[in-house]
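Inspection log for the structure reproduced underneath, given as structure tokens.
If you read the sequence from its start, that first residue is 1, and numbering goes on from there.
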Amino acid sequence: MFANPSQDELRAWIKEARTIAVVGLSANPERPSHEVAAGLQSHGYRIIPVSPMVTEVLGEPAYPRLEDVPGPVDIVDVFRAPEQIGPVVDACIARGFRRLWLQQGVINEAQAQRAREAGIQVVMDRCLWMDFLRLAG
């Protein structure tokens, strides 16, 4: 059965991270993905938008797929439907991304387990922004 990392581990993720790829980031400021990314960006994180629907979000160039993101990424934060997580896990494995955060409401235990078996640390069904606000202080 899946269990999220401990509060201390989550705090370490948040403290260590500098670059966050946001899969499914919307340019619409009223969407949760935009609100989370904007909040994180306002606290100094570099946000990398990953969406085939936009070319730029929050002043950052967007990439259509996670595979297209240049350079290292500390956390891959996912705003996609649970059944669409498989390709994200594939990309994390292929790129060597070590931390995968599935946002609140995104639950896919089989893919989370597959990611863990590949050495990826996984958070599932939690909001990165809410955890940042709670743990960063």
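- Placement of F79 and L133 within a single hydrophobic cluster is found when ILVMFWY residues are connected by side-chain heavy-atom separations under 4.5 Å, directly or transitively.
- Around CZ of R31, the count of heavy atoms belonging to other residues, nucleotides or ligands within 6.0 Å does not exceed 12.
- Across all non-hydrogen atoms, the minimal contact from C127 to Q104 is CB-OE1, 3.8 Å.
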- From CA spacing to verdict: salt bridge (Lys or Arg N to Asp or Glu O under 4.0 Å), D8, K15: CA-CA 10 Å; D8 287 340; K15 184 178 180 181; over 6 Å; no
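- Residues A62 and S51 share a closest heavy-atom pair of CB-O, 4.4 Å.
- I48 is connected to V89 through a chain of hydrophobic side-chain contacts under 4.5 Å among Ile, Leu, Val, Met, Phe, Trp and Tyr, so both are in one cluster.
- Taking the salt bridge (Lys or Arg N to Asp or Glu O under 4.0 Å) definition, one finds that R80 meets it with nothing, sequence neighbours left out.
- If you chain together hydrophobic residues whose side chains sit under 4.5 Å apart, Y63 and M53 never meet in one group.
- What you find for N108 and P82 is that their closest heavy atoms are ND2-O, 2.8 Å.
- Side chains of E109 and Q113: a donor-acceptor N/O pair is absent below 3.5 angstrom, by distance only.
- Going from atom CD of Q41 over to atom CD of E60 covers 6.0 Å, rounded to the nearest 0.5 Å.
- Looking at heavy atoms from C-beta onward, L40 lies in side-chain contact with I20 at the 4.5 angstrom threshold.
- Across R116 and A3, no two heavy atoms sit closer than the pair NH2-O, 2.5 Å.
- A distance-only check finds no donor-acceptor pair linking the side chain of Y45 to the backbone of A37 [under 3.5 Å].
- For E35, the CD atom is loosely surrounded, since the number of other residues' heavy atoms within 6.0 Å does not exceed 12.
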- Query: Do R46 and T19 pass the side chain to side chain contact (heavy atoms under 4.5 Å, CB included) test, and can you show the C-alpha distance, the side-chain angles, and the key distance before you say yes or no?
  - Reply: CA-CA 5 Å; R46 177 174 176 231; T19 303; 4.1 Å; yes
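- For the residue pair C92 and L66, the shortest heavy atom distance occurs at SG-CD2, 3.9 Å.
- Every ring pair (Phe, Tyr, Trp, His ring centres under 6.0 Å) that W129 has, sequence neighbours left out, goes to H43, F132.
- One finds the CD1 atom of I47 at 7.5 Å from the CG atom of L58 (value rounded to the nearest 0.5 Å).
- For CD of E83, the number of neighbouring non-hydrogen atoms (other residues, nucleotides, ligands) closer than 6.0 Å is greater than 12.
- R126 CZ to L10 CG: the interatomic distance, rounded to the nearest 0.5 Å, is 5.5 Å.
- Taking the salt bridge (Lys or Arg N to Asp or Glu O under 4.0 Å) definition, one finds that E16 meets it with R99, sequence neighbours left out.
- Here the CZ-CD1 distance, from R114 to I85, works out to 11.0 Å after rounding to the nearest 0.5 Å.
- The backbone N or O of V73 sits nowhere less than 3.5 Å from a side-chain atom of R95 that would complete a donor-acceptor pair.
- How far CG of L25 is from CG of D77: 9.5 Å, rounded to the nearest 0.5 Å.
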- Message: Apply side chain to side chain contact (heavy atoms under 4.5 Å, CB included) to residues L128 and I14 and explain how you reach the verdict.
- Response: CA-CA 9 Å; L128 178 53; I14 289 166; 4.2 Å; yes
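- The salt bridge (Lys or Arg N to Asp or Glu O under 4.0 Å) test applied to D74 returns no partner, not counting sequence neighbours.
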- Message: Show, in sequence, the C-alpha distance, side-chain angles and deciding distance for W13 and D131, and conclude whether the side chain to side chain contact (heavy atoms under 4.5 Å, CB included) test is met.
- Response: CA-CA 10 Å; W13 282 36; D131 278 336; over 6 Å; no
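- A donor-acceptor pair under 3.5 Å links the side-chain atoms of S33 to the main chain of S26, judged by distance alone.
- With sequence neighbours excluded, no residue satisfies salt bridge (Lys or Arg N to Asp or Glu O under 4.0 Å) with D125.
- In the hydrophobic clustering of ILVMFWY residues, with side-chain heavy atoms under 4.5 Å counting as a link, V50 and I93 come out together.
- Nearest heavy-atom pair, V122 versus F2, reported as atom, atom and distance to 0.1 Å: O-CZ, 3.6 Å.
- V76 and V123 fall into different hydrophobic clusters, where Ile, Leu, Val, Met, Phe, Trp and Tyr are joined by side-chain heavy atoms under 4.5 Å apart, directly or via other members.
- Side-chain atoms of R98 never come within 3.5 Å of backbone atoms of Q121 as a donor-acceptor pair (strictly under, hydrogens ignored).
- Counting heavy atoms from C-beta on, the side chains of H34 and N28 never come closer than 4.5 Å.
- Grouping Ile, Leu, Val, Met, Phe, Trp and Tyr residues whose side-chain heavy atoms lie under 4.5 Å apart, directly or via other members, leaves M1 alone, with no other cluster members.
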